[in-house]
There are 2 protein chains.
Amino acid sequence: MATIKDIAKLLDISVSAVSMALNDSPEIGEKTKIKVREAAKQLNYIKNGSAIDLQRQKTNIVLLITDNPTRSYFTDSLQVIQQELIAKHIDLVIITANDKHKGTAERFISENRADAVICMSKFISEEFINLYANKNMPVFVLGRAAKLITNEHVINVPLDYKRVGEDITEYLIAKGHRKIAFVRGSRTSIGSNYRYKGYLRTLKKYQFELDKELVFEARGSDYDHGYGITESMVEHIASGRVDGIFYATDDLAVGGLQKLLERGISVPDDVSIVGYNNYPISRMVTPPITTVDLHQQQIMRRVAKSLIAMMEGNKAKAELVQKLQQSAIFHSEIIERSSVKSRE
Amino acid sequence: MATIKDIAKLLDISVSAVSMALNDSPEIGEKTKIKVREAAKQLNYIKNGSAIDLQRQKTNIVLLITDNPTRSYFTDSLQVIQQELIAKHIDLVIITANDKHKGTAERFISENRADAVICMSKFISEEFINLYANKNMPVFVLGRAAKLITNEHVINVPLDYKRVGEDITEYLIAKGHRKIAFVRGSRTSIGSNYRYKGYLRTLKKYQFELDKELVFEARGSDYDHGYGITESMVEHIASGRVDGIFYATDDLAVGGLQKLLERGISVPDDVSIVGYNNYPISRMVTPPITTVDLHQQQIMRRVAKSLIAMMEGNKAKAELVQKLQQSAIFHSEIIERSSVKSRE
DNA sequence: TTGTAGGCGTTATCAT
DNA sequence: ATGATAACGCCTACAA
């Protein structure tokens, strides 16, 4: 591979001249620049990014770590974050980390291959992050309890799930439901777990007693999990032991809906169902599913802005963190559609 | 940031000893290793990936460029490719390129920041790829006509769309449909365009004349596009001018189905519909949608294997390309569900 | 305007 | 088993 040295040799000028010419420095004459560019083309010269990063002590890269970039909930986050970063000419790369493989993400973190990282994955441990976050590479951790964070270069964005799951449970109760089942998604999904807690709290608040038989484990958050688990619920519904179902995610609800219809159960006449997250698909099924919009985009925009401020070093961390903490509160909004009917 | 030099200084040993110790070289004594590891921890030493890549002249990274990682069709490809790469301890990073922003992808390519790239995006031009592909960084281009490729380090995987779209059109005709509408997706989607061509060819083959009024432009491939465009079709259906709809993608079909049901049109009684790609959602709606499975995973596995062989340099390129060309043929399979009914 | 030289952090090749 | 030293490709004072 040709390097700037080769170009310099070919033209019999110095490497620094070549470097400057290639970077369009004003200090270099126009004719030299042209010569250099031609020689570069001729020699098939290609820049070496590693060398640049090494010299600059900077990568201009932000790492986004996610369990699965194809999941619906990731769409909003990605869009917003990317939009903010592009405006600042910062590059974003996405890396996956899951139970099968987290090595790539860990290598990128432990080898300082970015100027900042946003970790949305549960599979990178807090110990690991503590170990490697540093001034040159702050790490934003989203959606975690993050009790173990001691490293001052880790910014924990806890996301305020406090009231998550209460809203929609209250809504169902207000609509006259008394036998509300809950379908849990992936056990490792923090959001799903918080919704379950919100459900429990709300039952308690209204002094319903929890019927453990009405809590179902889908063990995953996809359509198929919803479809599968709902098979075990048809009996309960048929026998009148359930009048409403709170699915932890819209995808679960969509799968569940399909199963219910197949089994001749009418939604919402025989049973009401609700999902969570306001994924596009939730309004594209019949009946459209009542759900909750978390307005995640707003939060992500804040996160991105804080991250940029941090990278630019023009804000005290304490201040940023405080702002984030204030703004990382979900403003959940119930999206009423027709999968719920009032019962008396 | 501490470097191995700092560790060496602290312990008063040489940098090479530190380097070897850190890499657990057998040439280094156990006690030294321990000392080094302790010092590293104490100094908060973090490896510098750029320096490693520079020295090794290798990144161990494969770049995957996609328009949008959250689109359903990407799921299969990602899974398979990653699986193959992980087995070889090669890291995969995902970068997006679209009409709004392709700078990041271009920077990564033009600065040789990977050992190979898989380009699934239409927004990186062939000229650009021609310019930068090289021995150290072969580029696999998927789903393109790629007439302009001259660089021998570019591997074009054209994907054989020859028969795509014919199968399902024939199927509809065999089921007695005579007035088949077609809904085009994104104009820039090569797959979607090929399906349209297949539809046209098949109509011709059966000597149906093309009614241009039955070709609809969704101008996108999402639920919403399908939902929106279908509004303009209800009139045709009501008046008996359409008895079947071929949506270019399942997402379009799902959105379209919703609109049809809302407008009181029964599927498949009043009109049959089919989608394409066998996305999970297509069987999670009522009625489940008849679609076509392209068995993309098989192709992606071949692509990944070829890429690895290429990186390992143990195969002649010509041979690989030939194999790929043979195997990059879609084995499309019609997935019969209940959105189509026989008509006489 | 251009050249010289040092350094970025690491690994690898020799010696010792 | 460890040390010295030269790369890797690029950038940037500073000198000319």
Side-chain angles (χ1 to χ4, degrees), chain A residues 1-37 39-40 43-60 107-108 110-115 132 134-137, chain B residues 1-37 39-40 43-60 107-108 110-115 132 134-137:
Chain A
M1 296 267 41
T3 72
I4 52 172
K5 268 186 197 163
D6 299 318
I7 300 179
K9 207 169 291 169
L10 179 68
L11 299 176
D12 200 34
I13 60 177
S14 78
V15 285
S16 52
V18 175
S19 171
M20 294 168 102
L22 251 18
N23 290 316
D24 207 23
S25 156
E27 322 233 330
I28 293 288
E30 202 51 46
K31 346 93 196 200
T32 326
K33 282 184 187 172
I34 295 177
K35 274 198 312 185
V36 168
R37 282 194 274 258
L43 292 178
N44 246 300
Y45 167 73
I46 295 177
K47 270 203 172 102
N48 182 315
S50 313
I52 296 176
D53 288 349
L54 177 58
Q55 152 66 30
R56 292 239 166 96
Q57 295 289 85
K58 209 167 174 294
T59 62
N60 202 44
R107 177 165 83 106
F108 270 67
S110 69
E111 295 180 353
N112 249 253
R113 298 182 107 91
D115 294 343
Y132 292 107
N134 63 77
K135 193 169 183 316
N136 299 330
M137 188 185 70
Chain B
M1 296 266 45
T3 70
I4 51 172
K5 271 184 194 163
D6 299 318
I7 300 179
K9 207 169 291 169
L10 179 69
L11 299 177
D12 200 35
I13 59 176
S14 76
V15 284
S16 48
V18 175
S19 172
M20 295 169 99
L22 251 18
N23 291 315
D24 206 24
S25 156
E27 323 231 331
I28 293 288
E30 201 52 46
K31 347 89 192 196
T32 328
K33 282 184 188 172
I34 294 177
K35 272 198 314 183
V36 168
R37 281 194 273 257
L43 293 177
N44 246 301
Y45 167 74
I46 296 177
K47 268 202 170 100
N48 182 315
S50 313
I52 297 175
D53 288 349
L54 176 58
Q55 150 67 28
R56 290 237 168 99
Q57 294 291 85
K58 209 167 173 294
T59 63
N60 202 44
R107 177 166 84 105
F108 270 67
S110 69
E111 295 180 353
N112 248 252
R113 298 183 106 91
D115 294 343
Y132 293 107
N134 63 77
K135 193 169 182 316
N136 298 330
M137 187 184 69

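In what follows, chains are A, B, ... by sequence order, proteins preceding strands, each numbered from 1. Nothing here was measured: the structure is a model prediction, and the numbers come from that model.
- Across all non-hydrogen atoms, the minimal contact from B:Asp115 to B:Asn60 is OD2-N, 2.6 Å.
- The distance from atom CD of B:Glu30 to atom P of D:dT2 is 11 Å, rounded to the nearest whole Å.
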Exercise. Between B:Asp53 and B:Thr59, does a side chain to side chain donor-acceptor pair (under 3.5 Å) hold up when you go through it step by step?
Worked result: CA-CA 5 Å; B:Asp53 288 349; B:Thr59 63; 5.5 Å; no
For this session: Given salt bridge (Lys or Arg N to Asp or Glu O under 4.0 Å), test A:Glu111 with B:Arg56 step by step and report yes or no.
Result: CA-CA 14 Å; A:Glu111 295 180 353; B:Arg56 290 237 168 99; over 6 Å; no
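- In summary, B:Asp24 and B:Lys33 engage in a salt bridge, as defined by a charged side-chain N under 4.0 Å from a carboxylate O.
- The OG1 atom of A:Thr3 sits 13.5 Å away from atom NZ of A:Lys47, with the distance rounded to the nearest 0.5 Å.
- To the nearest angstrom, P of D:dT2 lies 11 Å from CG of B:Leu11.
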Seminar exercise, completed: Protein-proximity profile, nucleotides 8-14 of chain C, B/S/- by nucleotide at the 4.0 Å heavy-atom cutoff, equals BBBBB--
